[in-house]
There are 2 protein chains.
Amino acid sequence: MSSEELAARGQTTAAQVRKDLSHFGSFGKRGLGYSVDQLRDRLRSILGLDRSWRVALVGAGRIGLALFEYPAFRSRGYDWVAIFDSDPEKIGQAWGDQVVRSPDEFEKVLQDLDIELVILALPADGAQEMAMRAVDAGVRGILNFAPIRLNVPPKVPVEDVNLVMELEALSFQITQGERDA
Amino acid sequence: MSSEELAARGQTTAAQVRKDLSHFGSFGKRGLGYSVDQLRDRLRSILGLDRSWRVALVGAGRIGLALFEYPAFRSRGYDWVAIFDSDPEKIGQAWGDQVVRSPDEFEKVLQDLDIELVILALPADGAQEMAMRAVDAGVRGILNFAPIRLNVPPKVPVEDVNLVMELEALSFQITQGERDA
DNA sequence: ACACCATTGTGAAATTCTTCACAAAACTAA
DNA sequence: TTAGTTTTGTGAAGAATTTCACAATGGTGT
Ligand SMILES: NC(=O)c1ccc[n+]([C@@H]2O[C@H](COP(=O)([O-])OP(=O)(O)OC[C@H]3O[C@@H](n4cnc5c(N)ncnc54)[C@H](O)[C@@H]3O)[C@@H](O)[C@H]2O)c1
Ligand SMILES: NC(=O)c1ccc[n+]([C@@H]2O[C@H](COP(=O)([O-])OP(=O)(O)OC[C@H]3O[C@@H](n4cnc5c(N)ncnc54)[C@H](O)[C@@H]3O)[C@@H](O)[C@H]2O)c1
């Protein structure tokens, strides 16, 4: 597949595809293009997707449930290995093959199960504390759904998901469009 | 509040804050900084957040339920005015003050209720069709949770939420970090 | 009134990102 | 072989974004 076709599929330009790929090495064959199989494998390895990751869910609420039941995570190698919630009603509940645990066990479980990623799906007022505790327990990355900016050491990457902002971005684009017209 | 303090809170630089704001006008007072109240109001108006928006949910599944029950949308002026699902079991169910509707009514309801935003929370294989139908019915913007790139006319903005990619971005950063060390 | 201070708004400089354009490579067909 | 075709990988050019730096301004204190 040529950079031209990759670009068309990815809403970008052929030059951009080639420059981006060349940043990581030289994967194509001149006159022929890129081998899809090889390219997939190389990119998987570069992105760290050629392995599985041990993930904990913090906050067994509505968003937490949707995430937990979403099959795409499991199939991409993100394995749920623990679930935490502070609600005494929820602690002990079975979620699939998991049991909801108390935050009291947080550090111990994170370390014992060698958990690398934490998904924070709890209210904003508990998120900073749990983030810090996760970092101290050796977590490598955090996916944060709580609408606050987490303060963590730079060695631990954080990805924020803020759905209100996504809607607001839409509102802005619509409002802008009206102004042009 | 000075551009310096705004920058610190927004993880950017004072010069960037001033350049960005100056793009929309001249809001500050030299020697003093920006009036938080005034700035909030002006930005709300620029972003189109000083009004409410009529929103429909397409796909009353796990993610749809979490979104529907999330209070932050309502409180920011995003009003749920219709819910659609193709599952006969779900059609007719009450969700809060709403009743789940059949996609057969889609165009009619969108037009009658003057719906401006659509949130697609249905499986990927139905998403393109519903997006196109929404556009034809006059929708102004789409928030898409299905893991496909929607093909819609450029006048209709689309925001994609792809949570698998968020996790993959974390994996990449962690993998990169290891390489540096 | 006047001096002094803090901070904006903005050209100009610096940096980063994207596109251009083409020599080098790899294949195909004669 | 050899000529022709396609497409990469990449310097160089061009465009966009970010940072610098400072005159202009508005406020405060005396
Ligand atoms: N529901 C959505 O669509 C949505 C969208 C965007 C962001 N969010 C954010 O995601 C987070 C969770 O939202 P939700 O709708 O699932 O809320 P929810 O109230 O349904 O669930 C939150 C859960 O976290 C638990 N919890 C509270 N403190 C805890 C702690 N210290 N440790 C462990 N668990 C704790 C609660 O017991 C509850 O079960 C919130 O920060 C919310 O702002 C939600
Ligand atoms: N659950 C998650 O955490 C999550 C995360 C990221 C993305 N997604 C994506 O969001 C979408 C929904 O995920 P989910 O987990 O809520 O799935 P789900 O299966 O729980 O819900 C999907 C719902 O859509 C309905 N539906 C199917 N076709 C329809 C149509 N043509 N019109 C209206 N409704 C229709 C189904 O009846 C079902 O109720 C999927 O595309 C999924 O990939 C989900």
Side-chain angles (χ1 to χ4, degrees), chain A residues 1-48 149 151 154-155 157-160 162 165-166 168-173 175-177 179-180, chain B residues 1-48 149 151 154-155 157-160 162 165-166 168-173 175-177 179-180:
Chain A
M1 186 176 286
S2 68
S3 56
E4 200 66 59
E5 190 177 349
L6 289 166
R9 298 207 189 190
Q11 318 241 270
T12 179
T13 63
Q16 193 68 71
V17 168
R18 296 203 299 278
K19 258 280 191 295
D20 285 359
L21 292 178
S22 78
H23 182 75
F24 293 107
S26 170
F27 307 142
K29 281 203 164 50
R30 299 182 180 208
L32 245 198
Y34 300 86
S35 148
V36 172
D37 282 358
Q38 266 178 230
L39 189 58
R40 183 192 359 77
D41 290 351
R42 288 292 292 115
L43 289 178
R44 283 227 177 109
S45 145
I46 289 164
L47 296 171
R149 193 182 293 284
N151 208 298
K155 66 171 180 196
V158 174
E159 290 283 326
D160 288 296
N162 189 320
M165 276 196 198
E166 302 281 341
E168 291 181 345
L170 271 187
S171 300
F172 172 56
Q173 289 177 65
T175 307
Q176 277 295 96
R179 264 171 214 149
D180 294 350
Chain B
M1 185 176 287
S2 68
S3 56
E4 200 66 59
E5 191 178 350
L6 288 166
R9 298 208 188 189
Q11 318 241 268
T12 179
T13 62
Q16 193 68 71
V17 168
R18 295 203 298 277
K19 259 280 192 292
D20 286 359
L21 292 178
S22 78
H23 181 74
F24 294 107
S26 172
F27 307 142
K29 282 203 164 48
R30 300 185 179 206
L32 244 198
Y34 300 85
S35 149
V36 173
D37 282 358
Q38 266 176 231
L39 189 58
R40 185 197 350 83
D41 290 351
R42 290 292 290 115
L43 290 178
R44 283 228 176 108
S45 145
I46 290 163
L47 295 172
R149 192 182 295 283
N151 207 297
K155 66 171 181 198
V158 175
E159 290 284 325
D160 287 295
N162 190 321
M165 276 197 198
E166 303 281 340
E168 291 181 346
L170 270 188
S171 300
F172 171 54
Q173 289 178 64
T175 308
Q176 278 294 96
R179 263 169 215 153
D180 295 348

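Every chain is numbered from 1, with letters handed out A, B, ... down the list of sequences.
- Between B:Leu32 atom CG and D:dA24 atom C1' there is a gap of 15 Å when expressed in whole angstrom units.
- To the nearest 0.5 Å, atom CD of residue B:Gln176 and atom CD of residue B:Gln173 are 9.0 Å apart.
- In this structure, NE2 of B:His23 is placed 15 Å from C1' of D:dT18, rounded to the nearest angstrom.
- C:dT8 atom C1' lies 16 Å from atom CD of B:Glu5, rounded to whole Å.
- One interatomic measurement links the two molecules: OH of A:Tyr34 to C1' of D:dT7, which rounds to 9 Å at whole-angstrom precision.
- Counting to the nearest Å, the P atom of D:dT10 and the CZ atom of A:Phe27 are 11 Å from each other.
- Checking the phosphate oxygens (OP1, OP2) of D:dT17, no side-chain nitrogen or oxygen of B:Gln16 falls inside 4.0 Å.
- Checking C:dC27, D:dG27, C:dG9 against every side-chain atom of A:Lys29, the shortest atom distance belongs to C:dC27.
- Atom OG1 of A:Thr13 sits about 11.5 Å away from atom CG of A:Leu6, to the nearest 0.5 Å.
- Distance, B:Lys19 NZ to D:dT19 P: 11 Å, rounded to whole Å.
- OP1 or OP2 of D:dA24 has not a single side-chain nitrogen or oxygen of B:Arg30 nearer than 4.0 Å.
- Rounded to an integer number of Å, the gap from A:Asp20 CG to D:dT10 P is 13 Å.
- Put simply, A:Ser3 has no side-chain N or O that comes within less than 4.0 Å of OP1 or OP2 on D:dT7.
- Remark: the A:Gln16 side chain and the A:Asp20 side chain contain an N/O donor-acceptor pair separated by less than 3.5 Å.
- Taking atom CZ on A:Arg18 and atom P on C:dA24, their separation rounds to 16 Å, with Å as the unit.
- Taking CD of A:Gln38 as the start and NZ of A:Lys29 as the end, the distance is 5.5 Å to the nearest 0.5 Å.
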